[in-house]
Every structure is written in C-alpha cells, then in structure tokens.
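Have a look at the structure below before the remarks.
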2 protein chains.
Amino acid sequence: MTPLSPRQQQILDFLRSFIEEHDYPPSIRDIQEGCGISSTSVVDYNLRKLEEKGFIRRDREISRGIELLGARGRRTRIVEVPLLGTIAAGQPIPVPSSDRWASEAEDYVPVTEEMVRGRSNVFALKVRGKSMIDDLIDDGDIVFLEPVRHADDGDRVAVWLKDRGEVTLKRIYRENGRIRLQPANSAMEPIYTTADNVEIQGRFISSIRPSE
Amino acid sequence: MTPLSPRQQQILDFLRSFIEEHDYPPSIRDIQEGCGISSTSVVDYNLRKLEEKGFIRRDREISRGIELLGARGRRTRIVEVPLLGTIAAGQPIPVPSSDRWASEAEDYVPVTEEMVRGRSNVFALKVRGKSMIDDLIDDGDIVFLEPVRHADDGDRVAVWLKDRGEVTLKRIYRENGRIRLQPANSAMEPIYTTADNVEIQGRFISSIRPSE
DNA sequence: GGTTCCCGCGAACATCCGTTCGGAAGCCGC
DNA sequence: GCGGCTTCCGAACGGATGTTCGCGGGAACC
C-alpha cells in the first residue's frame with residue numbers, strides 16, 4: 001500500500017540511524033548532507049511524502065520536529081530500576097520504605113518498560129546463591145519486585161519465613177487457616193506454615209538471567 | 001554525590017517529560033518557558049551544570065542537541081531481537097539459516113543491549129510448556145540464543161536429542177566419548193548420551209521472565 | 001568591608017533551520 | 001504534442017535557537 005521511492009527509503013533509513021546515534025532527530029540539512037541531496041527543498045518534499053504515508057510525524061516550524069512512527073519505528077522506553085541489594089538465604093531483603101525509596105540505591109538496572117509495565121516503585125535485587133533454585137531462580141539472576149505487604153492467592157511473592165530465618169520466592173495460597181507456599185517447580189514439595197510465620201516483602205514482577 | 005539545585009532538578013524533570021511527549025528534545029527556549037525562567041542564559045547555565053554532573057550530554061551549536069543519560073552517565077541502547085517462534089518439547093527449534101535470517105521473524109523483542117552484548121545474530125524463542133523446568137526455564141519465558149553448531153564444555157546449549165525427539169537446554173560436557181547434559185538445577189540428574197545423538201542448535205545467551 | 005562563588009537577569013549577535021518560490025527534467029496517459 | 005504528476009534544483013526569507021557578555025543580588029568566609 002505504501003510504495004516508497006528510493007529517495008524516501010534512503011531518508012527513512014538515515015532518520016533511524018541518526019536517531020539511534022544521537023538520540024535526537026536530524027535537521028533538514030543534516031538529512032541533506034547525510035543523503036547527498038543537493039537542496040533542502042528536496043528533503044522537505046520527501047519528508048512531506050513520508051508524513052502523508054504515515055511513516056513519520058512532523059511538528060512544523062520546529063527544528064528537528066520529526067517523530068518516527070509505525071510498528072518498526074515504535075519507541076521502546078527504558079526504565080532505570082533501582083538495584084537495592086541482594087537476595088540470599090538467611091537474610092531479609094532490603095525492602096524500601098516509602099520515605100527513603102530510591103535514595104539508597106547502589107546502582108540502577110536499565111530494562112525495557114515491558115519488564116515493569118504498569119507497576120510503580122519496582123525495585124531490583126540480585127540473587128546470590130542457589131537457595132531459590134526450586135522457584136526457578138538461579139544464582140546471578142535479577143528479580144524485580146513490587147513493594148507490597150499483602151497479596152492475593154496465587155501471587156508470586158517474596159516472603160520472609162521467620163522460623164527458618166530465610167526469604168524465598170513462591171506462590172502463596174491461603175488454605176483454611178494455614179499458608180501454602182508453592183514452588184514454581186511443581187515437582188518440588190510445597191511449604192505449609194502458619195500466617196504469623198510469614199511476612200510478605202514484595203510481589204514478583206519479572207526477572208532476567210543476564211548473559212554470563 | 002552530586003547535589004542538584006531545585007532549578008536543575010526542575011529542568012531535568014522537564015526534559016524527561018518533554019522528550020516523553022514529543023520524542024525529540026526541547027530547545028533552550030522551550031525549557032525557559034516550561035520552567036518559568038526569565039532568561040535563556042539561565043537555562044544554558046544550568047544545562048552546563050547538568051552536563052558537568054553527568055545527567056545529560058550536549059552537542060554544542062546544535063539545536064535541541066541534548067541527550068538524556070541514565071544512571072552513572074551511561075546510555076542504554078535497545079536491540080530488537082527477532083522472535084523466531086516457540087521452543088517446546090517434541091519439536092526442533094526454528095534455527096535460522098544464515099541466508100534467511102531475520103526475514104521470517106513474526107515479531108521483535110526489544111531488550112536492553114546488556115541482554116545480548118557482544119553477540120551477533122541473537123534470536124529469541126518463547127518457551128511453551130514446562131518441559132525445561134529442570135533447567136530453570138518456565139512456561140512463558142523468553143530465551144535468547146546464539147546460532148552456533150559447536151560449543152565448549154560448560155556452555156549452556158539448546159540441543160536436539162534425536163532419540164527422544166526433544167529439544168532441551170542444558171550445560172554440555174564431553175567425557176571420554178560420551179556426552180553429559182547437566183541441568184541447571186543440580187538436584188536433578190544429568191543425561192548421558194552419545195555424541196551422534198545430540199545436535200547443538202544454539203548457545204544460551206540470556207532469558208527473561210516477563211510480568212504476568 | 002572585601003572577596004569569591006553561585007545563581008539569575010536582559011539584551012544582542014551570529015548562526016541554524018524550516019519554509020517558500022520559480023524553474024526544470026522525466027514520465028505517463030490521452 | 002499536451003497536460004498532469006512526481007521529483008529535483010537553487011536561492012532567498014524570516015523566524016528559531018544556541019551563545020556570549022555585562023550586570024547584580026545573595027550567601028559564605030576571611
């Protein structure tokens with residue numbers, strides 16, 4: 001439906017690479033030079049065509065007022081999630097209090113917004129050790145959690161088990177008075193305990209296993 | 001480490017919201033108006049401060065030549081990884097041939113460059129089913145693989161087991177004539193087989209477990 | 001008081017940059 | 001041929017925009 005002339009395709013490619021490199025759009029004369037075009041009016045003409053065909057959006061009278069559109073031009077945004085520490089057996093996780101939230105972050109993990117979509121105040125923890133291997137969380141993984149105190153049945157939550165002095169990450173179910181903590185690996189046995197023994201420290205949002 | 005004056009914080013917030021809205025950076029006078037500042041030189045002064053402190057990068061003499069930097073002054077790029085299909089028990093994975101590589105991708109998964117760093121031709125597969133639960137790969141996970149035919153001992157590889165008609169993801173070790181495939185979960189038993197029964201289809205790079 | 005530094009103000013300047021206009025070459029269908 | 005359409009060219013206009021300079025207020029310090 002959209003026949004693109006070679007010149008228009010060339011300009012579109014240049015737009016993508018320029019934005020990739022600079023993080024801001026090129027000026028008309030940047031495009032002119034980058035594509036070897038002899039006149040700015042040619043650039044303007046073809047930009048109008050690209051706008052008609054729905055590949056870009058232009059803000060008139062504004063320098064560099066070009067916005068890439070379309071499925072391939074869609075912009076994936078990055079969220080910098082505060083890395084608050086490590087999660088390991090035998091230690092409570094450093095849940096942030098609302099007043100001093102990201103201020104004490106030692107680092108930030110940049111992830112695409114899909115990883116935390118919709119959730120607010122998400123924080124990250126690096127997993128140390130293999131204590132949560134039954135929950136499909138390996139040493140070196142990074143988990144993203146939402147700081148909540150309560151959860152619904154079936155939620156994956158990070159819970160502090162008081163009697164064991166251990167934090168783990170399991171699905172939680174309330175069953176007539178007691179708590180069932182179900183590992184993600186269904187071949188493993190669930191933990192049964194009482195409500196006053198567990199303390200919910202966060203809800204699992206997502207996780208990544210970085211390249212080694 | 002870097003105390004930000006209220007004015008500088010205000011400008012930084014404005015920068016973020018402006019770019020969020022327009023996809024291109026504001027001009028000095030946009031900032032001036034948006035922050036209620038009476039002179040462009042004040043904006044310039046504070047932008048210099050923000051650059052010194054590593055929050056932005058400026059291209060001098062260039063309109064809207066402002067680039068937002070993330071934590072630690074680094075810039076995170078996004079890589080669009082082609083999603084070539086699913087990986088499930090009983091099916092070989094759709095390894096790309098070099099000639100028709102990304103052309104048949106049904107979709108693309110945007111991830112931060114850390115997830116594929118350095119590797120080329122990385123492709124993504126969505127995991128269906130729990131057949132690889134012993135390798136800490138859950139239903140719904142997305143794994144990123146590098147298309148290789150050979151691997152070193154200890155590499156995590158996706159292998160096609162001919163006798164089982166199954167693909168799995170394990171660490172590979174060659175032990176005097178036979179092959180040991182070690183699950184990531186050390187509580188699980190390894191698979192022993194012969195070299196001619198396994199076909200390496202890719203090397204594991206990283207994986208993500210998206211939010212539900 | 002004097003000095004220094006941070007921060008803000010206003011104006012002016014030179015350039016950057018989007019826009020516009022006249023013209024022309026090539027192509028297609030009638 | 002002829003009209004219409006697309007594409008390209010060169011130049012000029014005017015507004016947009018980054019930069020610079022002098023000045024001043026206020027706080028901290030000696």
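Labels below follow one simple rule: chain letters A, B, ... track the order of the sequence lines, proteins then strands, and each chain is numbered from 1. Below, each value reflects all heavy atoms present in this structure, side chains not excepted, and no hydrogens, waters or symmetry copies. As the structure is a prediction and not an experimental result, all values here were calculated from the model.
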Exercise. Is it true that atom CD of B:Glu113 has more than 12 heavy atoms of other residues, nucleotides or ligands lying nearer than 6.0 Å?
Worked result: yes

Problem set entry | Salt-bridge present (B:Lys126, B:Asp141; N to O < 4.0 Å) | no

Problem set entry | Residues B:Arg58 and B:Asp44 bridged, charged N to O under 4.0 Å | yes

Problem set entry | Of residues 38-50 of chain A, the positions that come close to DNA chain D - non-hydrogen atoms, cut-off under 4.0 Å | A:Ser38, A:Ser39, A:Thr40, A:Ser41, A:Val42, A:Tyr45, A:Asn46, A:Lys49

For this session: Give a yes or no on whether a salt bridge exists between B:Lys130 and B:Asp139, defined as a side-chain N under 4.0 angstrom from a carboxylate O.
Result: no

For this session: For DNA chain C, determine which residues of residues 26-36 of chain A have any heavy atom closer than 4.0 angstrom to one of its atoms, and list them numerically.
Result: A:Ser27, A:Ile28, A:Arg29

Problem set entry | For A:Phe18, ring pair (Phe, Tyr, Trp, His ring centres under 6.0 Å) partners two or more places apart | A:Phe14, A:His22

Exercise. When you list every nucleotide of DNA chain C with an atom under 4.0 Å from a heavy atom of chain A, which one comes first 5' to 3', and which comes last?
Worked result: C:dC17 to C:dC21

For this session: Identify whether the distance between the nearest side-chain nitrogen and carboxylate oxygen of A:Arg203 and A:Asp155 falls below 4.0 Å.
Result: yes

Exercise. Under 6.0 Å from the CZ atom of A:Arg180, do we count more than 12 heavy atoms belonging to anything else shown?
Worked result: yes

Exercise. Between B:Gln9 and B:Arg7, is any side-chain donor less than 3.5 angstrom from a side-chain acceptor?
Worked result: no

Exercise. Does B:Arg64 place a side-chain N or O at less than 4.0 Å from the phosphate oxygens OP1/OP2 of D:dT17?
Worked result: yes

For this session: Take the C1' atoms of the five end pairs on each side of the helix from C:dG1-D:dC30 to C:dC30-D:dG1, derive the two axes, and give their angle rounded to 10 degrees.
Result: 20°

Contacts under 3.5 Å, N or O only, protein and nucleotides 24-27 of chain D:
none

Exercise. For A:Arg117 and B:Ser211, does a side-chain donor sit closer than 3.5 Å to a side-chain acceptor?
Worked result: no

For this session: Would you indicate whether A:Arg128, at its atom CZ, is surrounded by more than 12 heavy atoms from other residues, nucleotides or ligands within a distance under 6.0 Å?
Result: no

For this session: May I ask you to decide whether A:Asp153 forms a salt bridge with A:Arg171, counting only side-chain N to carboxylate O separations under 4.0 Å?
Result: no

For this session: Could you tell me whether A:Glu51 and A:Arg60 make a salt bridge, using a distance below 4.0 angstrom between a side-chain N and a carboxylate O?
Result: yes

For this session: Step by step, work out the side chain to side chain donor-acceptor pair (under 3.5 Å) result for B:Arg77 and B:Thr112.
Result: CA-CA 6 Å; B:Arg77 291 174 196 273; B:Thr112 55; over 6 Å; no

Exercise. For D:dT19, does either OP1 or OP2 sit under 4.0 Å from a side-chain N or O belonging to B:Arg58?
Worked result: yes

Exercise. Stepwise, does the side chain to side chain contact (heavy atoms under 4.5 Å, CB included) test hold for A:Val198 with A:Lys162?
Worked result: CA-CA 6 Å; A:Val198 305; A:Lys162 297 176 184 172; over 6 Å; no

For this session: Give the C-alpha distance, both sets of side-chain angles, the deciding distance and a yes or no for salt bridge (charged side-chain N to carboxylate O under 4.0 Å, His left out) between A:Asp23 and B:Arg57.
Result: CA-CA 10 Å; A:Asp23 252 26; B:Arg57 196 177 66 75; over 6 Å; no

